[in-house]
Amino acid sequence: MVAVSENGVIGSDGGLPWDLPDDQQFFKRLTLGGCIVMGRGTHESVGRLLPRRTTLIVSRNPEYRVAGAEVLPGFDDARAWAERQGLPEIFAVGGAGVYAAALPVAHRLYLTRVHAQVEGETRMPGPNDPAEAGFSLVAERHHAPDARHSHGFTFQTWERAAP
Ligand SMILES: NC(=O)c1ccc[n+]([C@@H]2O[C@H](COP(=O)([O-])OP(=O)(O)OC[C@H]3O[C@@H](n4cnc5c(N)ncnc54)[C@H](OP(=O)(O)O)[C@@H]3O)[C@@H](O)[C@H]2O)c1
């Protein structure tokens, strides 16, 4: 799951470059009760564990510990951990290192396209057009800018049969 600007930015100054509450609600609705995998940087930028989710944090630092979360040395280790627990699906929720590891094996992509050009140091890896990675667009819903959302955005769901 990722929200990305028109110019490929996902993060700025270690945080999100926008405040889009309905995108956050969408994220929450989809991941509640599920298993999320994030990089150490994203965990530290959120600053707390998201409640009612199993949280896997990837870090190459073997000393790194977070109470209430599993810390694993790589994305494949996170996948294997979830499989051992019998968890049917995991959500890769950033940042760039996790997306780079998840994209080649992902079956579904929840992509929020933020209709803005923004500045930021963290960019989404991979092609801008998921079709180039074999995904097909299966759902799309537009959200107009309003008093709570400075940018318009479009929720897209992309799927592919076998990565
Ligand atoms: N727009 C969005 O949807 C979205 C979603 C999530 C995050 N973000 C933004 O993205 C930025 C953070 O992302 P980031 O790319 O800088 O950091 P990140 O990927 O969250 O964290 C980087 C750290 O995580 C560990 N890591 C990442 N990939 C790994 C892998 N494949 N295997 C093992 N360890 C791995 C490493 O930790 P160690 O150094 O400890 O080894 C690495 O230094 C923030 O600005 C955040 O707000 C945006």
Side-chain angles (χ1 to χ4, degrees), residues 1-32 34-51 53-83 89-106 108-130 133 135 140-141 143 145 148-158 163:
M1 298 191 72
V2 63
V4 60
S5 74
E6 285 170 357
N7 56 326
V9 170
I10 62 168
S12 167
D13 292 333
L16 290 173
W18 42 67
D19 180 25
L20 301 174
D22 285 353
D23 186 49
Q24 279 171 7
Q25 268 310 111
F26 176 75
F27 176 92
K28 184 175 173 187
R29 188 161 54 76
L30 243 71
T31 59
L32 262 188
C35 178
I36 55 178
V37 185
M38 65 180 71
R40 178 184 57 78
T42 296
H43 166 66
E44 290 178 357
S45 114
V46 175
R48 65 188 172 97
L49 290 182
L50 298 173
R53 274 150 279 204
T54 301
T55 302
L56 310 183
I57 299 171
V58 291
S59 167
R60 296 181 183 91
N61 176 359
E63 311 292 315
Y64 193 67
R65 301 274 184 281
V66 175
E70 290 293 326
V71 178
L72 294 143
F75 184 73
D76 286 344
D77 303 288
R79 287 176 77 199
W81 186 94
E83 207 170 309
E89 92 183 325
I90 59 175
F91 294 93
V93 299
V98 167
Y99 290 138
L103 268 172
V105 295
R108 189 177 299 131
L109 182 59
Y110 295 102
L111 177 61
T112 301
R113 290 204 182 271
V114 181
H115 302 307
Q117 302 270 338
V118 302
E119 297 202 354
E121 70 287 351
T122 312
R123 308 184 70 81
M124 183 63 183
N128 179 47
D129 180 2
F135 288 93
E140 189 169 47
R141 182 163 56 90
H143 190 302
R148 295 164 61 237
H149 301 83
S150 50
H151 310 300
F153 50 101
T154 301
F155 296 111
Q156 295 183 333
T157 306
W158 295 78

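Whatever order the structure lists ligands and atoms in, that order sets their numbers, starting from 1. No experiment lies behind these values; they were computed from the predicted model shown.
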State the atoms of ligand 1, each with its element, that fall below the 4.0 Å cut-off from a heavy-atom position in Val2.
3 (O)
Using 30° and 60° as the class boundaries, would you call the ring planes of His143 and His149 parallel, tilted or perpendicular?
tilted
Is any side-chain heavy atom of Val98 closer than 4.5 Å to one of Val93?
no
N/O to N/O below 3.5 Å, does that happen between Ala3 and ligand 1?
yes
Pairwise side chain to side chain donor-acceptor pair (under 3.5 Å) hits with a residue in residues 119-130, at least two apart:
Arg113-Asn128
Measure Val93 to ligand 1 on non-hydrogen atoms and call it side chain, backbone, both or neither using the 4.0 Å cut-off.
backbone
Shortest non-hydrogen pair, Ile10 vs Pro17, comes out as O-CD, 3.4 Å
What protein heavy atom lies closest to atom 24 (O) of ligand 1? Include the residue and the distance to one decimal.
Arg40 N, 3.0 Å
Identify, for atom 36 (C) of ligand 1, the protein heavy atom at the shortest distance, and state residue, atom and that distance.
Arg60 NH1, 4.1 Å
Contact summary for Val9 and Gly120, nearest pair of heavy atoms:
CG1-CA, 3.8 Å
Numbered atoms and elements of ligand 1 in range of Val98, under 4.0 angstrom, heavy atoms:
28 (N)
How far is atom 13 (O) of ligand 1 from its nearest protein heavy atom, and which residue and atom is that?
Gly95 CA, 3.4 Å
Which residue in the set Phe155, Trp158, Phe26, Phe27 passes side-chain contact (heavy atoms from CB on, under 4.5 Å) when paired with Tyr110?
Phe26
Starting from atom 11 (C) of ligand 1, find the nearest protein heavy-atom neighbour and note its residue, name and distance.
Thr122 OG1, 3.8 Å
What pairs with Thr54 under side chain to side chain donor-acceptor pair (under 3.5 Å), at least two apart in sequence or on another chain?
none
Where ligand 1 meets Gly11 - atom numbers and elements under 4.0 angstrom, heavy-atom basis:
9 (C), 45 (O)
Please say whether Gly74 places an N or O atom under 3.5 Å from an N or O atom belonging to ligand 1.
no
Would you say the side chains of Asn61 and Ser59 form a donor-acceptor pair under 3.5 Å?
no
With atom 5 (C) of ligand 1 as the reference point, say which of Phe75, Tyr99, Tyr110 has the nearest heavy atom.
Tyr99
First locate atom CZ of Phe75, then atom CD1 of Ile90, and finally report the distance between them rounded to the nearest 0.5 Å.
4.0 Å
Considering only heavy atoms of Ser45, which atoms of ligand 1 have at least one such atom less than 4.0 Å away?
47 (O)
Among protein heavy atoms, which sits nearest to atom 15 (O) of ligand 1, and what does the distance come to when rounded to 0.1 Å?
Ala96 N, 2.9 Å
Taking only non-hydrogen atoms of Gly94 and a 4.0 Å limit, the atoms of ligand 1 in range are 6 (C), 20 (O)
Could you tell me whether ligand 1 has any atom less than 4.0 Å away from a heavy atom of Pro73?
yes
To the nearest 0.5 angstrom, please state how far the OG1 atom of Thr112 sits from the CG atom of Asp23.
3.5 Å
Please identify which atoms of ligand 1 are closer than 4.0 Å to at least one heavy atom of Gly39.
18 (P), 20 (O), 21 (O), 24 (O)
Heavy atom to atom 28 (N) of ligand 1, shortest distance: which of Gly41, Ala102, Pro62, Gly97 holds it?
Gly97
Taking the side chain as every heavy atom from C-beta outward, state whether Arg53 and Lys28 have any atom pair closer than 4.5 Å.
yes
Under a 4.0 angstrom heavy-atom cut-off, which atoms of ligand 1 come close to Gly14?
44 (C), 45 (O), 47 (O)
Residue portion contacting ligand 1 (non-hydrogen atoms closer than 4.0 Å) for Phe27:
neither
Closest protein heavy atom to atom 9 (C) of ligand 1, given as residue, atom name and distance to 0.1 Å:
Ile10 O, 3.7 Å
For atom 7 (C) of ligand 1, what's the nearest protein heavy atom and its distance?
Thr42 OG1, 3.3 Å
Once rounded to the nearest 0.5 Å, what's the spacing between atom CG of Leu50 and atom NE2 of His43?
9.5 Å
For the pair His151 and Trp18, name the ring-plane relationship: parallel under 30°, tilted 30 to 60°, perpendicular over 60°.
perpendicular
Can you list the atoms of ligand 1 that are under 4.0 Å from a heavy atom of Ser12?
45 (O)
Side chains of Gln156 and Phe135, heavy atoms from C-beta outward: is any pair under 4.5 Å?
no
Hey, is atom 42 (C) of ligand 1 touched by any protein heavy atom at less than 4.0 Å?
no
Taking 4.0 Å as the limit for heavy-atom contacts, which would you say applies to Ala100 with ligand 1: side chain only, backbone only, both, or neither?
neither
among protein heavy atoms, the one nearest atom 4 (C) of ligand 1 is Leu16 CD2, 3.7 Å
Is the closest side-chain heavy-atom distance between Ser12 and Val118 below 4.5 Å?
no
